[in-house]
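Naming: A, B, ... by sequence-line order, numbering from 1 per chain.
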Protein chains: 2
Amino acid sequence: MSTSEHAFNALGDPTRRAIFEKLHDRPLAVVAIADGLPISRPAVSQHLKVLKEAKLISLKTEGNKNIYELNREGILAMRDYLDKFWDDALANFKALSEAAENDKKQ
Amino acid sequence: MSTSEHAFNALGDPTRRAIFEKLHDRPLAVVAIADGLPISRPAVSQHLKVLKEAKLISLKTEGNKNIYELNREGILAMRDYLDKFWDDALANFKALSEAAENDKKQ
DNA sequence: CTTAATGGTAAGTATTAACTTACCGTAAGT
DNA sequence: ACTTACGGTAAGTTAATACTTACCATTAAG
């Protein structure tokens, strides 16, 4: 499974998107992330694991706190996938419609 | 739910990603999309519905065939979300670290 | 007109995955 | 040393969603 596949998978869940967006403004410890969310703290830990494996976030340990923050790698992997996907698709469609034009002229 | 939320949700499923990528090269009818996939044709129809609602694909009817093709709107919505998200996050972090610097100097 | 092909929707089942409680280890504070 | 705060993992349950079969409507072909 590629990085972008992991990332799409991770952001497919609304709770994980909420966690992801909580980290938008600043890095946060697990308790702070869980605060306000309608699920238990272990559930948050499990979501963090998925987001980390997708390289959408990373963590640094400070004392007994695990501070999570956004990770450029996973975000960029998705964006690049979408960019390339769309560019290639456009090129394919252009080639297809030109081939169709040629068929008509014969 | 915004367009990009719908789109992230839709591409969270591996089967839907497979369908999405099948349309990369050219528009296809439902039977052609289902061909080769290890699931029933109605299941494919249900996935197509989700992808369509996310504006990742669109359809044009030709006789009794429904031809599905990629839709720029949903793809762009995701890409723009990611772009903006990352740019803003960078700006936030920069502001944060500058504030931390100022605190030190006091 | 009849038959075959295409494909959407409904209802129910099965599988996935999100979630809970319980538990443990580590670090910080008293 | 004891206690509190932090947070990861395991095992089991619950809830979400992917899937199947059955059915129907529409269009094309015979």
Side-chain angles (χ1 to χ4, degrees), chain A residues 1-23 26-71 74 78, chain B residues 1-2 4-23 26-71 74:
Chain A
M1 210 178 180
S2 69
T3 301
S4 71
E5 275 179 305
H6 270 114
F8 280 116
N9 194 62
L11 289 189
D13 178 75
T15 303
R16 280 196 291 269
R17 280 200 299 277
I19 291 174
F20 184 64
E21 298 201 342
K22 269 208 168 189
L23 296 175
R26 71 191 71 76
L28 290 172
V30 178
V31 171
I33 295 169
D35 184 53
L37 292 178
I39 56 172
S40 69
R41 203 259 319 141
V44 171
S45 271
Q46 288 161 18
H47 283 307
L48 289 170
K49 187 180 185 181
V50 175
L51 288 165
K52 184 160 74 71
E53 281 168 357
K55 290 176 180 157
L56 287 165
I57 61 175
S58 59
L59 74 86
K60 48 182 174 181
T61 299
E62 284 182 9
N64 65 346
K65 293 190 177 180
N66 282 2
I67 312 290
Y68 283 90
E69 64 182 0
L70 297 179
N71 182 1
M78 294 183 92
Chain B
M1 210 178 181
S2 69
S4 71
E5 276 180 303
H6 269 114
F8 279 116
N9 195 61
L11 288 190
D13 178 74
T15 304
R16 281 196 291 268
R17 281 200 299 277
I19 291 175
F20 184 64
E21 299 202 340
K22 268 208 170 192
L23 297 175
R26 71 191 72 76
L28 289 172
V30 177
V31 171
I33 295 170
D35 184 53
L37 291 179
I39 57 173
S40 69
R41 203 257 320 140
V44 171
S45 272
Q46 288 161 19
H47 283 308
L48 289 170
K49 188 180 185 181
V50 174
L51 288 165
K52 183 160 74 75
E53 281 168 356
K55 289 174 182 160
L56 286 165
I57 62 175
S58 59
L59 74 86
K60 47 181 175 181
T61 299
E62 284 182 8
N64 64 346
K65 292 191 177 180
N66 282 3
I67 312 289
Y68 283 90
E69 63 181 1
L70 297 179
N71 183 0

Handout entry: N/O (side chain, B/Tyr68) to phosphate O (OP1/OP2, C/dT6) under 4.0 Å
Key = no
Practice task
Starting at atom CD1 of A/Ile19, determine the distance to atom P of D/dG7, rounded to an integer number of angstrom.
Solution key: 13 Å
Fill in the blank from the handout: Across all chains, not counting sequence neighbours, the side-chain hydrogen bond (donor to acceptor under 3.5 Å, both in side chains) partners of A/Thr3 are none
For residues 8-20 of chain B, which side-chain donor-acceptor pairs fall under 3.5 Å, sequence neighbours excluded?
| from | atom 1 | to | atom 2 | distance (Å) |
| --- | --- | --- | --- | --- |
| B/Asp13 | OD2 | B/Thr15 | N | 3.1 |
| B/Asp13 | OD2 | B/Arg16 | N | 3.0 |
| B/Arg16 | NE | B/Ala10 | O | 2.7 |
| B/Arg16 | NH1 | B/His47 | ND1 | 3.2 |
| B/Arg17 | NH1 | B/Leu11 | O | 2.7 |
| B/Arg17 | NH1 | B/Gly12 | O | 3.4 |

Completion exercise
Numerically ordered, the residues 58-67 of chain B set in heavy-atom contact under 4.0 Å with DNA chain D is B/Gly63, B/Asn64
Practice task
Compare all side-chain heavy atoms of B/Ser45 with those of B/Arg41 and state whether any distance is below 4.5 angstrom.
Solution key: yes
Exercise for the section: Round to a whole Å and report the spacing from CG of B/Leu51 to P of D/dT17. Expected result: 15 Å
Practice task
Output all residues satisfying ring pair (Phe, Tyr, Trp, His ring centres under 6.0 Å) with B/Tyr68, sequence neighbours left out; order by chain, then residue number.
Solution key: none
Exercise for the section: Can you sort out the partners of B/Lys65 under salt bridge (charged side-chain N to carboxylate O under 4.0 Å, His left out), two or more places apart, ordered by chain and number? Expected result: none
Under 3.5 Å, side-chain donor or acceptor atoms of residues 52-59 of chain A against the rest of the protein: list the pairs with distances, not counting sequence neighbours.
none

Problem - Contacts of A/Asn66 that satisfy side-chain hydrogen bond (donor to acceptor under 3.5 Å, both in side chains) - sequence neighbours left out - result: A/Thr61
Fill in the blank from the handout: Protein heavy-atom contacts under 4.0 Å, written 5' to 3' over nucleotides 13-24 of chain C as B (base), S (sugar-phosphate only) or - (none), form the string -----SBBBB--
Handout entry: Non-neighbouring partners of A/Glu21 that pass side-chain hydrogen bond (donor to acceptor under 3.5 Å, both in side chains), sequence neighbours left out
Key = B/Tyr81
